[in-house]
Amino acid sequence: MDIDPANEGSWIYVHFDDVMDTSFTGIVVEKIDHEKIPYNKEWHIIGGETDLILKPLDSLDYNTIYLFRMNANKVFDIRGNLLDNDNDGAPGESPDDNYVRPFITFKSDGSDGDWPVNFEDKLKPFRSDSLYFLINGKVSMNIWRDVDIAIDIYDERWNTNDTSIVLIGVDSNTINQNTLSLFERDSKAEVMIERVTYIDDTTSSDFGRVTIHPLNILKPGTWYTLRLLGFIADKEGNKLDKDSIAYEENFRTLECNHDSTKCAEDFAPPTIENWINFRDYFEVEFDEMIDESTITSSTIYLEESGKRVEGVLSTRNESGRTIVRFTKSDGNPVSEEATVSEEIKDLIGNRMGKDAHHNF
């Protein structure tokens, strides 16, 4: 076969002009039906730049189309900066900053095998990696009670002129209240949906957006689940997923609607749901949105041998939760004790009220 685990000429080489975080998971090699192909990753960081070599664990099939895919919102440097493939200053955008390169394998003797490859559209639709929220059609960083819920879904097809891949919309008839649902995570009570919309115009800045408009405002401080079924499909019938449930994500509402005309009292302090060690940095995940002005080197820090460690803090919000990353400045592995101070507050102003510690 042409792609041989021991054949240096058939490895995949990727060069970054930055020092990359080697824990990221944003690069995959797959068949056109999205079956993932296992590769070993070999990293080389020299002079502020990074080379990645992908070596297949097994020989690939000849005369077969594969996709090298780089998902920008899962590719980041050691400071947590996401990939900005289109250089527009807004990194990690999907699909704008994603990178997809098809390649075709041949026999090891250089012959074409059963060429030409059939470029029939068997490419499945795909979604963005996370849902987001809208107020009056504009993206909201906060999950108010009166938000609409949005997620992006796209399809891919072959450009017959040059065999590249272009983005198009899926079959809008398959996006409706029969193929997605919204319900309370804990009680499983279904949320009535007024309507579902999909933007399939590729010239629109909101191309690919699915918007779920709840019939009524959501409950305060409540966990919800958005579910997508695998029956969402493109116009050729390729489904979003072979399983009936293609995707689920949970989110938690705040206590008010966006203009504060309807609020419920919130006296619950924020709590920590998870601590994760990623070698030279750790992340702490809260159960709700945190007031970022309270996230400082005095409220979240790492101590080793009784001394505070130099590091950089960064935050991101996902599905109604704040996740804080502490990256060690020296690049060495995280160890010993991390602390989150009692002074951390949620958006309503509730303090944690008690220090939290975790030993790595």
Side-chain angles (χ1 to χ4, degrees), residues 127-153 175-198 206 209-229 232 244-274 284-295 315-324 340 344-354 356:
R127 55 169 177 76
S128 59
D129 286 323
S130 185
L131 51 84
Y132 55 101
F133 305 92
L134 306 173
I135 292 291
N136 299 324
K138 297 183 179 179
V139 176
S140 170
M141 298 304 296
N142 298 315
I143 310 178
W144 305 111
R145 295 178 60 188
D146 53 344
V147 291
D148 293 325
I149 301 95
I151 191 167
D152 296 328
I153 299 179
I175 298 180
N176 51 54
Q177 296 184 42
N178 295 320
T179 54
L180 57 83
S181 60
L182 182 65
F183 54 91
E184 295 179 24
R185 184 192 68 176
D186 299 326
S187 70
K188 307 302 180 185
E190 184 177 0
V191 175
M192 299 300 294
I193 297 174
E194 179 182 7
R195 68 187 187 281
V196 179
T197 59
Y198 179 64
D206 300 323
R209 175 182 289 174
V210 179
T211 305
I212 298 93
H213 305 265
L215 181 61
N216 302 301
I217 65 173
L218 303 176
K219 294 180 179 180
T222 302
W223 281 99
Y224 288 88
T225 300
L226 175 68
R227 174 180 291 170
L228 303 181
L229 299 185
I232 295 172
S244 58
I245 298 177
Y247 172 78
E248 284 188 346
E249 185 170 343
N250 300 315
F251 63 92
R252 182 178 183 268
T253 56
L254 295 174
E255 303 298 319
C256 301
N257 63 346
H258 78 281
D259 58 4
S260 300
T261 55
K262 292 185 179 180
C263 292
E265 291 184 340
D266 174 16
F267 300 107
T271 61
I272 296 173
E273 287 203 333
N274 204 10
V284 55
E285 179 181 339
F286 294 90
D287 69 332
E288 59 178 309
M289 299 271 283
I290 299 300
D291 179 353
E292 293 191 12
S293 69
T294 66
I295 298 173
T315 64
R316 67 183 188 274
N317 295 315
E318 295 182 357
S319 303
R321 295 164 291 175
T322 294
I323 300 172
V324 180
V340 174
I344 292 290
K345 297 180 182 179
D346 62 18
L347 297 183
I348 303 298
N350 297 308
R351 295 170 63 253
M352 277 187 56
K354 182 179 179 182

Within the distance-only criterion (no hydrogens, no angle test), does the side chain of [X] pair as donor or acceptor with the backbone N or O of [Y] below 3.5 angstrom?
X: T222; Y: P220; value: yes
X: Y198; Y: N176; value: no
X: D146; Y: I135; value: no
X: T253; Y: G221; value: yes
X: E255; Y: I348; value: no

Give, for atom [atom1] of [X] and atom [atom2] of [Y], the distance between the pair rounded to the nearest 0.5 Å.
X: N317; Y: E288; atom1: CG; atom2: CD; answer: 11.5 Å
X: E184; Y: T225; atom1: CD; atom2: OG1; answer: 9.5 Å
X: I143; Y: Y224; atom1: CD1; atom2: OH; answer: 11.5 Å
X: L218; Y: R252; atom1: CG; atom2: CZ; answer: 13.0 Å
X: I290; Y: D346; atom1: CD1; atom2: CG; answer: 6.0 Å
X: S140; Y: H258; atom1: OG; atom2: NE2; answer: 9.0 Å

Which atom of [X] lies closest to which atom of [Y], heavy atoms considered:
X: T179; Y: I175; answer: OG1-CA, 3.6 Å
X: P214; Y: V191; answer: CB-CG1, 4.3 Å
X: I344; Y: P270; answer: O-CG, 4.2 Å
X: L229; Y: A246; answer: C-CB, 3.9 Å
X: L134; Y: A150; answer: CD1-CB, 4.0 Å
X: K219; Y: R145; answer: C-NE, 4.0 Å

Do [X] and [Y] have side-chain heavy atoms sitting under 4.5 Å apart?
X: N250; Y: S319; value: no
X: T322; Y: I295; value: yes
X: L180; Y: I193; value: yes
X: I272; Y: F286; value: yes

Applying side chain to side chain donor-acceptor pair (under 3.5 Å), name anything that partners Y132, two or more places apart in sequence or on another chain.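 Only D152, R209 meet the side chain to side chain donor-acceptor pair (under 3.5 Å) criterion with Y132.
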Any residue meeting side chain to side chain donor-acceptor pair (under 3.5 Å) with R321, in chain and number order, not counting sequence neighbours: E285
side-chain hydrogen bond (donor to acceptor under 3.5 Å, both in side chains) evaluation trace for T271 with D287: CA-CA 6 Å; T271 61; D287 69 332; 3.1 Å; yes
